[in-house]
Asker: 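This is the structure I have questions about; it appears just below.
Keep in mind that the numbers below use all heavy atoms, side chains included, and drop hydrogens, waters and symmetry copies.
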Amino acid sequence: MSTVDTKSSSSGGARVAVQRFGRFLSGMVMPNMGAFIAWGLITALFIPTGWFPNEGFAQLVDPMKNYLLPLLIGYTGGTMIHGQRGGVIGAIMTMGVIVGADIPMFLGAMVAGPLAAWILKKFDKAIEGKVKSGFEMLVNNFSAGIIGAILALLAHVGIGPVVQTISQVLSAGVQFLVNAGLLPLVNLIIEPGKVLFLNNALNHGVLSPIALEEAARTGKSVLFMLESNPGPGLGILLAYCLFGKGSAKSSAPGAVIIHFFGGIHEIYFPYILMKPILILAAIAGGVVGTFCLLTGAGLVAAPSPGSIIAYFLMTPKGGYLPMLSGVIAAAVVSFAVAAVLLKTGKQKEEGLEEAASRLKDMKNQSKGASANATVMEDNHASDRAAEIAADRMLKDKSEVNKIVFSCDAGMGSSAMGASILRKKMKQAGVGVTVTNTAISEIPQDADIVITQKTLTDRAKTVAPNAEHISIDNFLKSPEYEALVDRLKSDS
């Protein structure tokens with residue numbers, strides 16, 4: 001293997017490792033986003049400087065911030081490692097972290113929850129098959145209780161103070177960038193990182209925990225807006241609407257709606273991959289947008305998804321003008337740069353389908369699939385299709401009551417696919433429930449499960465009795481029409 005190949009492989013492996021780690025961190029936050037939004041809304045509405053100050057309702061703010069949110073993170077992190085049993089001990093250890101610090105322990109919960117579950121998992125494995133019959137429940141309950149109590153005490157005197165020190169250093173670093181006017185330079189990392197699917201690692205894994213602590217102190221944080229700003233993507237898509245070619249130009253208006261109002265930023269990534277130099281437009285828009293946000297913008301909680309609607313809901317009283325200035329400035333600058341690059345660039349423009357395919361390959365790597373495996377899949381597409389058809393029994397209409405779209409988080413791409421198929425089913429007069437979930441939460445009464453190809457094997461382990469359909473692109477797949485036709489003809 002050549003030196004170049006070795007470096008490329010090493011670089012790709014490092015990127016995949018970062019993506020996996022980021023996905024793990026964000027996996028503790030994203031399932032609990034509803035709780036964060038609830039806390040943000042209560043804060044924005046009822047604190048003394050809120051829209052409708054209410055002393056009684058405002059009493060909910062601190063307990064939710066200090067106890068509810070960290071405990072949810074710790075429980076979720078523990079569940080990811082060792083199921084419900086891991087979630088319980090994760091919450092126990094997180095409580096020790098909470099009491100051992102004077103600031104909200106979001107980062108501490110991200111450490112304590114998974115760590116406690118991992119320790120309990122190792123203990124359970126060590127005693128597996130060694131417990132006498134009839135004593136299983138006794139050993140399970142007391143082992144979790146005893147280990148949990150010890151870990152809570154250790155977290156109280158160890159992890160809490162350490163994480164508090166780390167949080168203070170990180171906050172001081174961010175504050176230095178703000179005071180020095182250098183915070184916009186963070187977008188030099190954020191915008192390319194988003195296209196490489198490092199957005200969750202950057203946003204929910206790094207920025208949001210620091211931002212939550214800042215919002216707890218000051219009532220808002222601009223850090224919530226660094227990665228989630230829809231302006232750069234909007235400008236690029238609008239440039240394609242006017243200056244794009246072929247399918248890219250015709251599909252851009254729909255992508256604008258999905259991105260700006262739906263908050264699904266992944267929709268514009270293929271448009272950058274079609275012409276990689278457009279990353280300069282995203283960076284320029286991000287830098288200028290963040291510069292404008294420093295005039296006093298900030299959100300009370302993380303906007304998830306990153307749509308303009310979520311921005312309006314999470315903006316505190318008196319903050320709409322700075323917020324809009326940052327979004328609009330980012331869109332205008334990215335549009336201007338993208339327009340020039342689209343009109344004058346001499347690079348051969350890659351088709352939207354090819355870019356979407358390349359995007360799929362990158363996402364496959366972020367989910368743990370190697371590039372070589374992806375190439376082999378493409379070379380044997382027909383063989384795989386035959387194997388899939390032989391592997392599953394197609395259910396007829398009388399057996400299909402619920403179709404479930406599933407992805408890692410169960411929010412962005414799967415929600416989009418479910419919406420598209422639901423509309424097609426309704427137009428065809430097929431009365432079937434179509435919903436979306438995370439892979440780990442696929443309901444057992446699902447009759448058909450639709451996932452991206454790299455996730456199908458995982459989905460089969462969760463719902464082994466369902467029919468599984470693998471697709472490449474949630475936005476556009478021939479499987480949709482085939483499924484509608486099949487269920488319609490059976491009805």
Side-chain angles (χ1 to χ4, degrees), residues 15 182-199 202-203 207 222 225-294 297 303 305-308 311 323-359 362-363 475:
R15 187 185 68 188
L182 299 176
L183 191 62
L185 297 182
V186 176
N187 290 91
L188 295 174
I189 300 173
I190 289 178
E191 297 305 331
K194 289 174 69 173
V195 181
L196 295 175
F197 285 94
L198 298 177
N199 50 324
L202 294 168
N203 192 17
L207 295 174
V222 71
M225 311 175 79
L226 297 186
E227 186 275 336
S228 63
N229 188 344
L234 175 64
I236 291 172
L237 291 174
L238 290 176
Y240 266 102
C241 289
L242 296 179
F243 308 110
K245 300 177 182 178
S247 61
K249 180 174 184 178
S250 62
S251 62
V256 167
I257 296 174
I258 294 172
H259 165 72
F260 193 61
F261 297 101
I264 301 175
H265 291 199
E266 288 179 339
I267 195 71
Y268 79 86
F269 296 171
Y271 292 84
I272 291 182
L273 292 176
M274 279 189 287
K275 198 159 189 165
I277 196 173
L278 287 179
I279 193 63
L280 296 177
I283 291 174
V287 169
V288 174
T290 300
F291 181 80
C292 293
L293 292 175
L294 293 179
S307 80
I308 191 63
Y311 263 48
M323 179 271 287
L324 287 173
S325 70
V327 174
I328 294 173
V332 170
V333 172
S334 64
F335 170 81
V337 176
V340 171
L341 294 175
L342 287 174
K343 290 178 66 177
T344 63
K346 296 181 180 180
Q347 296 178 346
K348 181 179 179 181
E349 188 168 4
E350 184 180 11
L352 183 59
E353 294 296 328
E354 289 80 1
S357 177
R358 189 145 60 95
L359 182 65
M362 293 170 59
K363 199 164 187 178
L475 279 177

Asker: May I have the step-by-step check of side-chain contact (heavy atoms from CB on, under 4.5 Å) for Leu183 and Leu293, ending in yes or no?
Answerer: CA-CA 10 Å; Leu183 191 62; Leu293 292 175; over 6 Å; no
Asker: Any heavy-atom pair between the side chains of Tyr268 and Leu278 that's under 4.5 Å?
Answerer: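 Counting from C-beta outward, Leu278 and Tyr268 never come under 4.5 Å.
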Asker: Minimum heavy-atom separation for Glu191 to Leu226, with atom names?
Answerer: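 Scanning both residues completely, I find the closest heavy atoms to be OE2-O, 4.5 Å.
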Asker: Please list all pairs passing the side chain to side chain donor-acceptor pair (under 3.5 Å) test where one or both residues lie in residues 329-339, with sequence neighbours left out.
Answerer: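 Qualifying pairs, neighbours excluded: none.
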Asker: Output all residues satisfying side-chain contact (heavy atoms from CB on, under 4.5 Å) with Ala330, sequence neighbours left out; order by chain, then residue number.
Answerer: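 Partners of Ala330 under the side-chain contact (heavy atoms from CB on, under 4.5 Å) test: Asn229, Pro232.
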Asker: Just grab all the side chain to side chain donor-acceptor pair (under 3.5 Å) pairs involving residues 278-293, residues at least two apart or on different chains.
Answerer: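 Found Asn187-Thr290.
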Asker: Looking at Phe335 and Ala239, what are the two nearest heavy atoms and their distance?
Answerer: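 Result for this residue pair: CD1-N, 3.5 Å.
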Asker: Rounded to the nearest 0.5 Å, how far does OG of Ser307 lie from CD1 of Ile258?
Answerer: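 The OG atom of Ser307 is 13.0 Å from CD1 of Ile258, to the nearest 0.5 Å.
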Asker: Can you list everything that forms a side-chain contact (heavy atoms from CB on, under 4.5 Å) with Leu185? Sequence neighbours excluded, please.
Answerer: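 If we apply the side-chain contact (heavy atoms from CB on, under 4.5 Å) test to Leu185, skipping adjacent residues, the hits are Leu182, Leu188.
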Asker: Quick one: list whatever passes side-chain contact (heavy atoms from CB on, under 4.5 Å) with Val256, sequence neighbours left out.
Answerer: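 So Val256 forms a side-chain contact (heavy atoms from CB on, under 4.5 Å) with Leu234, Leu237, Leu238, Cys241.
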Asker: Going from CD1 on Ile308 to CE on Met323, what distance comes out if it is rounded to the nearest 0.5 angstrom?
Answerer: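 The CD1 atom of Ile308 sits 5.0 Å away from the CE atom of Met323.
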Asker: Which word best sums up how the rings of Tyr240 and Tyr271 line up, parallel for under 30°, tilted for 30 to 60°, or perpendicular for over 60°?
Answerer: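 Judged by the thresholds at 30° and 60°, the geometry between Tyr240 and Tyr271 is perpendicular.
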Asker: Taking the side chain as every heavy atom from C-beta outward, state whether Ile328 and Cys292 have any pair of such atoms under 4.5 Å apart.
Answerer: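 A side-chain contact under 4.5 Å is absent here.
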Asker: What are the two closest non-hydrogen atoms of Val337 and Ala281, and how far apart are they?
Answerer: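 Smallest heavy-atom distance, with atoms named: CG1-CA, 3.7 Å.
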